[in-house]
Amino acid sequence: MSRPLSKLLFKGISGFPAARSSKIVSGSFYQNGMRYSTSVPNDSDTHDDFKPANKFDGSGLSLKELVEQDVKDNPVMLYMKGVPEVPQCGFSSLAVRVLKQYAVPLSARNILEDPELKTAVKAFSHWPTFPQIFIKGEFIGGSDIILNMHQSGELKEKLKDIAVNQEKSA
């Protein structure tokens, strides 16, 4: 704090440690004081090769059908911000950590990759927040509900036959 204000202004904001850090924020990240974006705006100056693409377009399924199929086909389905290996919010991270305690197959989709998927999941579950956890086709809730179920032993009971079936098939 003893440096004169003029020197700070001369060096710019990059002199602050927070400006040099790297932080991912909703499709953007900051590194060395610079903002980088992982998405490209939909404008007429952007070539089609660089515009964001819906990864589900080629599947032939509507997003509603995709969500229905995900929930039906996966014993534990998690719609989250980020991916299980790199969650991008504390609530999604908590849900993954709790579910990994049970050694069950965990399927997940990153809702940050497609705003329309996020809307489709909300419409399917009638629940406004993420993460959203489905077990054996049933909507359970978010990270707070999973944590409470874990603490009460209810989650262990609900996942018991999934873990047993996983051991039998191995």
Side-chain angles (χ1 to χ4, degrees), residues 17-18 20-32 35-40 52-170:
R20 289 191 304 262
S21 68
S22 196
K23 182 178 178 183
I24 296 176
V25 180
S26 184
S28 302
F29 64 95
Y30 292 88
Q31 188 171 19
N32 298 325
R35 179 177 182 263
Y36 298 91
S37 178
T38 59
S39 60
V40 179
N54 183 339
K55 294 183 178 184
F56 312 114
D57 281 344
S59 70
L61 294 174
S62 72
L63 287 174
K64 179 181 184 262
E65 293 168 333
L66 179 76
V67 173
E68 289 171 351
Q69 184 176 346
D70 280 349
V71 169
K72 182 179 143 229
D73 293 349
N74 298 290
V76 180
M77 186 67 205
L78 175 62
Y79 292 95
M80 61 182 289
K81 294 179 180 177
V83 293
E85 297 77 23
V86 187
Q88 295 201 354
C89 90
F91 298 109
S92 292
S93 178
L94 175 61
V96 169
R97 285 185 314 212
V98 169
L99 289 167
K100 283 190 174 182
Q101 298 288 315
Y102 295 93
V104 294
L106 178 61
S107 300
R109 285 204 192 265
N110 181 359
I111 55 125
L112 296 176
E113 288 183 351
D114 186 354
E116 292 170 356
L117 174 64
K118 182 178 179 180
T119 302
V121 174
K122 284 181 180 184
F124 181 79
S125 65
H126 306 290
W127 192 261
T129 60
F130 290 89
Q132 292 191 13
I133 300 124
F134 294 82
I135 298 176
K136 297 186 271 184
E138 177 188 354
F139 175 63
I140 301 301
S143 58
D144 55 339
I145 294 170
I146 284 290
L147 181 59
N148 288 339
M149 289 175 71
H150 169 69
Q151 291 169 337
S152 71
E154 189 180 348
L155 186 57
K156 182 177 184 178
E157 190 63 32
K158 192 155 217 41
L159 295 172
K160 180 175 60 177
D161 60 329
I162 296 172
V164 169
N165 288 340
Q166 188 67 12
E167 290 172 9
K168 285 180 182 177
S169 65

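Everything quoted here is computed from the prediction, not taken from an experiment.
- Screening residues 71-87 for salt bridge (Lys or Arg N to Asp or Glu O under 4.0 Å), with sequence neighbours left out, gives no hits.
- To the nearest 0.5 Å, atoms CD (Gln69) and CG (Leu61) are separated by 5.5 Å.
- Two residues are said to be in side-chain contact when any heavy atoms from C-beta on lie closer than 4.5 Å; Thr119 and Lys122 fail this criterion.
- Residues passing the ring-ring contact (aromatic ring centres under 6.0 Å, His included) test with Phe91, sequence neighbours excluded: none.
- For Ser125, the side chain to side chain donor-acceptor pair (under 3.5 Å) partners are Gln132, not counting sequence neighbours.
- The structure places CG of Leu159 at 4.5 Å from CD1 of Ile135, a figure rounded to the nearest 0.5 Å.
- Aromatic ring centroids of Tyr102 and His150 lie under 6.0 Å apart.
- Partners of Lys156 according to the salt bridge (charged side-chain N to carboxylate O under 4.0 Å, His left out) rule, which considers only residues two or more places apart in sequence or in another chain, do not exist here.
- Note that the CD1 atom of Ile133 and the CZ atom of Phe139 stand 8.0 Å from one another [nearest 0.5 Å].
- Looking at every heavy atom in both residues, Ile162 comes nearest to Pro75 through CD1-CB, 3.7 Å.
- Residues passing the side chain to side chain contact (heavy atoms under 4.5 Å, CB included) test with Asp70, sequence neighbours excluded: Leu66, Asn74, Met77, Tyr79, Arg109.
- Sorted by first and then second residue, the pairs that involve residues 129-155 and meet salt bridge (Lys or Arg N to Asp or Glu O under 4.0 Å), not counting sequence neighbours, are Lys136-Asp161, Glu138-Lys158.
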